[in-house]
Protein chains: 2
Amino acid sequence: MTAPQPTTALAQLALALPAAQLLTGPRADAYLRDQSDSTPAGTPLAVVFPASTEQVAAVVRVAAAHRIPIVPQGARTGLAGGANAIEAGIVVNLTKMNTIVTVDTVDQTATVQAGVRTYALARAAAAVGLFYPPDPGSWKGSTLGGNVATNAGGMRCVKYGVTGNFVRRLTVVLADGSIVHTGQRTIKGVSGYDLTALLVGSEGTLGIITEITVGLLPAPADASGVSATFATTEAALAAAAVIVASNRRPSVLEYLDGPCIAAINDFDPESRLPADAAALLLIQSDQAGQAHADVEEYAQILKAGGASTVSVAHDPEHLDELMSARRLLQPALQAARGSSLNEDVTVPRSQLPALLAGLTEISRELAVPIGTGGHLGDGNLHPVIGFDAAVPAQVDAAHRAFARVIALAITLGGSASGEHGIGLLKKDHLDDELGPVLLDLQRRVKKAFDPDSILNPGKKL
Amino acid sequence: MTAPQPTTALAQLALALPAAQLLTGPRADAYLRDQSDSTPAGTPLAVVFPASTEQVAAVVRVAAAHRIPIVPQGARTGLAGGANAIEAGIVVNLTKMNTIVTVDTVDQTATVQAGVRTYALARAAAAVGLFYPPDPGSWKGSTLGGNVATNAGGMRCVKYGVTGNFVRRLTVVLADGSIVHTGQRTIKGVSGYDLTALLVGSEGTLGIITEITVGLLPAPADASGVSATFATTEAALAAAAVIVASNRRPSVLEYLDGPCIAAINDFDPESRLPADAAALLLIQSDQAGQAHADVEEYAQILKAGGASTVSVAHDPEHLDELMSARRLLQPALQAARGSSLNEDVTVPRSQLPALLAGLTEISRELAVPIGTGGHLGDGNLHPVIGFDAAVPAQVDAAHRAFARVIALAITLGGSASGEHGIGLLKKDHLDDELGPVLLDLQRRVKKAFDPDSILNPGKKL
């Protein structure tokens with residue numbers, strides 16, 4: 001006689017995983033949310049910490065049998081609620097899967113488990129003379145799995161592209177618990193549809209990514225940078241446009257507006273950014289043998305464009321100083337505002353002046369503070385809308401401003417989200433961007449992967 | 001009283017299109033096949049030449065109403081039978097849609113209709129100081145739509161990636177005749193699933209691509225190249241590996257074996273490639289301000305690696321000469337062999353020695369001539385298997401060799417196709433590469449797009 005099988009999902013999970021890898025009740029509370037304000041989170045049945053792809057598959061089989069929602073989760077550095085717990089669902093936290101499997105110098109690839117931190121991969125690559133370019137703001141904390149699931153960006157996208165441009169091959173647990181490997185280790189490969197690209201940015205709604213092979217580049221030999229401040233936004237945008245058109249490709253082209261500069265100075269007084277500037281540009285080149293000359297030319301362009309201050313850095317320490325203030329943008333704005341709604345809009349570069357003018361208008365008309373910084377070079381900006389969560393009128397105004405900013409970006413030929421994802425935060429705005437025919441097609445694709453809708457339901461689409 | 005509606009598909013097509021855009025009977029014969037040998041083609045109901053997205057949609061609506069198969073077709077430069085006519089189907093030839101809509105120097109994008117030739121786009125970009133890197137071998141004849149549908153590669157992929165890496169936005173006619181726009185004009189964008197990436201390489205089985213927006217780069221200011229011959233394949237591979245590891249990123253890294261060299265010399269006696277070489281490498285750099293120094297270093301590496309001859313080119317004419325022989329590979333091998341089966345395998349670069357050794361063994365064991373050239377830098381080679389179509393034993397041996405080469409590539413961690421597509425030629429080998437679970441998932445994705453299976457049925461999957 002065989003022992004009776006446990007009939008509850010929780011009992012089956014307890015059989016599938018060691019006790020230390022299964023949290024329930026209040027002990028699970030630390031894993032309910034990402035870093036977005038004002039996105040809801042439910043109380044999960046359990047938070048599990050699988051240590052292998054096989055354990056993930058075992059968990060998914062339990063969930064599938066009981067039709068329980070599953071939320072894949074990395075380091076919860078997301079900004080759109082995509083990894084928030086769902087009521088009575090299972091949170092699959094992948095941070096225990098943090099092994100760098102291989103870094104291959106001949107093939108110039110790395111294979112890592114989904115819970116490896118972005119910065120750890122970048123360092124492992126650098127240790128053997130290679131380079132993993134994607135550098136989302138949260139890269140010291142964020143995981144590769146989360147980066148792939150959101151198609152994370154960063155400061156170097158203007159030259160190197162986004163996370164998805166580096167993803168070659170994925171190990172994925174599908175909705176029925178089966179394990180597949182999509183893509184290939186090579187740059188090229190057209191056997192079958194590109195499911196790898198489809199999974200990139202799918203925010204855990206098509207499958208659970210457990211292992212990732214990325215392509216790497218030779219490490220850049222040089223880096224120089226320059227920062228400049230301007231008395232007007234228009235002058236800063238005009239100078240940036242000349243640099244983009246100059247044929248000396250910047251590896252970083254970042255922007256901060258006046259409110260961002262003030263918030264960073266308040267957050268870290270050592271920053272000492274010029275307090276009276278309306279705009280700051282931060283530009284780098286990493287072209288081998290050319291970075292120094294590139295940045296000297298950028299500096300000339302910035303001066304000719306009317307910059308109030310121009311500061312050039314050719315040595316690593318000085319360059320680090322230039323960049324460190326920019327890296328404080330997200331925590332500084334969150335600290336300054338109490339609560340915030342984080343935009344992530346993109347527009348074609350030619351529409352940046354119209355976008356920034358529109359932001360000023362929205363801020364004034366609705367009387368909400370908006371600080372805007374981000375990736376000028378690829379047209380992806382992060383207007384951050386501040387509000388006091390205890391004042392209903394402020395909450396309401398912030399949400400109206402949020403919707404107007406997205407509508408403006410779409411009107412200008414852009415998108416609601418460049419790199420943070422849709423999650424819960426931007427779901428209501430997807431209709432306007434995609435339209436009913438595309439949305440319906442996307443739902444059919446979702447159904448092809450997840451017929452019972454157990455994978456992060458209610459997110460993304 | 002309204003006039004009676006025509007009930008036959010052909011009558012409806014005749015209403016949807018001007019007479020000059022509709023070919024039937026023997027007049028359609030010129031449009032039955034691409035450039036692949038030994039792939040079958042059926043007799044179509046009609047070949048249509050729409051002049052707009054709306055006309056494509058009108059044709060698809062007729063096909064959908066009658067459940068008639070549709071074959072999208074560009075310039076028929078494909079090598080896998082993907083654009084071959086299907087019996088009683090409608091061939092939708094897009095070569096009349098050949099307008100370059102915009103080339104935008106601020107956003108660094110171009111929007112073209114699907115029938116625009118690759119080379120025409122490259123020239124239009126170059127005319128305003130911009131650069132469209134993908135350069136498939138057939139680029140003077142091939143269309144952008146075909147390039148996107150197959151995710152075409154070329155010589156510059158080693159540095160710049162494949163066609164898909166440049167595709168931002170697509171206008172697509174879906175299986176029910178509706179028109180959608182996928183993706184966005186910006187580098188970043190994560191609203192919804194990445195259907196653009198899914199359509200890239202889908203070989204006309206998910207939708208008909210009618211308009212394409214690509215990203216462009218600033219034009220490289222410099223270019224230098226070097227070619228070298230070797231007495232052994234092993235020495236050539238070892239030298240190439242040193243160059244890849246050197247951190248001076250080549251923009252081209254091509255390989256030709258002895259049979260390819262002989263075929264090119266026979267095809268064009270002006271080529272005068274060294275007749276006794278076992279292998280030829282062709283390498284370029286286009287790094288601004290560095291190309292000259294890069295190529296001088298490559299030349300040193302090639303000499304140190306035992307090259308028999310080394311020829312450096314720093315001026316455009318000399319560089320063109322170096323490249324022109326390589327561009328003859330495909331026609332030269334087809335001319336040399338009578339009939340041929342064109343492989344398109346990829347392997348991780350570390351497995352290239354094993355792949356080339358295996359090719360020699362397969363050629364010897366099955367007594368079939370195999371000439372191999374291609375893109376050493378990204379692990380994508382084109383073994384071309386020659387045979388006399390009038391000799392059944394040769395046909396049989398060629399097909400057995402074809403299957404063994406693909407099996408070898410998959411065993412080495414590679415893929416059946418890097419850039420040519422699956423079409424009809426490699427369909428039977430997809431099971432081995434993808435396995436039943438992934439294949440089933442791909443079929444469900446196909447069904448989500450094309451529930452009645454009218455879009456290029458029997459191709460790709």
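Throughout, protein chains are lettered first and strands after them, A, B, ... in sequence-line order, and every chain is numbered starting at 1.
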Indicate the atoms forming the closest heavy-atom contact of [X] with [Y], along with that distance.
X: A/Gly161; Y: B/Ile187; answer: CA-CG2, 4.5 Å
X: A/Val244; Y: B/Gln108; answer: O-NE2, 3.4 Å
X: B/Gln290; Y: A/Ala288; answer: CG-O, 3.2 Å
X: A/Leu434; Y: B/Gly192; answer: CD1-CA, 4.1 Å
X: B/Thr186; Y: A/Pro348; answer: CG2-N, 3.4 Å
X: B/Leu441; Y: A/Ala448; answer: CD1-O, 3.7 Å

Tell me, side chain or backbone of [X] under 4.5 Å from chain B's heavy atoms, or both, or neither?
X: A/Leu130; value: neither
X: A/Ala416; value: both
X: A/Lys446; value: both
X: A/Asn247; value: both
X: A/Leu439; value: neither
X: A/Val158; value: backbone
X: A/Thr109; value: neither

Chain A contacts, top residue of [options] (heavy-atom pairs, under 4.5 Å):
options: B/Leu217, B/Asp107, B/Asp104; result: B/Asp107
options: B/Val162, B/Asn165, B/Asn380, B/Thr105; result: B/Asn380
options: B/Arg248, B/Arg169, B/Arg443, B/Glu419; result: B/Glu419

Relative to chain A, which segment of [X] carries a heavy atom at a distance below 4.5 Å: side chain, backbone, both, or neither?
X: B/Val180; result: side chain
X: B/Thr196; result: neither
X: B/Ile179; result: neither
X: B/Val172; result: neither
X: B/Phe449; result: both

Enter the distance from B/Leu438:CG to A/His181:NE2 here, rounded to the nearest 0.5 Å.
->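 That separation rounds to 9.0 Å.
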Roughly how far, to the nearest 0.5 Å, is the CD atom of A/Gln184 from the CD1 atom of B/Ile410?
-> 11.0 Å
For B/Lys188, which of A/Asn151, A/Asp378, A/Thr346 qualifies under side-chain hydrogen bond (donor to acceptor under 3.5 Å, both in side chains)?
->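 Running side-chain hydrogen bond (donor to acceptor under 3.5 Å, both in side chains) over A/Asn151, A/Asp378, A/Thr346 with B/Lys188 returns exactly one hit, A/Asp378.
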Applying side-chain hydrogen bond (donor to acceptor under 3.5 Å, both in side chains) between A/Ser191 and each of B/Glu433, B/Lys426, B/Gln442, B/Lys460, report the one that passes.
->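 Filter result, single survivor: B/Glu433.
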Chain B contacts, top residue of [options] (heavy-atom pairs, under 4.5 Å):
options: A/Cys157, A/Gly153, A/Ala245; answer: A/Cys157
options: A/Gly379, A/Ala219, A/Pro220, A/Gly164; answer: A/Ala219
options: A/Val200, A/Thr205, A/Asp344; answer: A/Thr205
options: A/Ser350, A/Gly129, A/Ser415; answer: A/Ser350
options: A/Leu206, A/Asp294, A/Thr150, A/Thr182; answer: A/Leu206

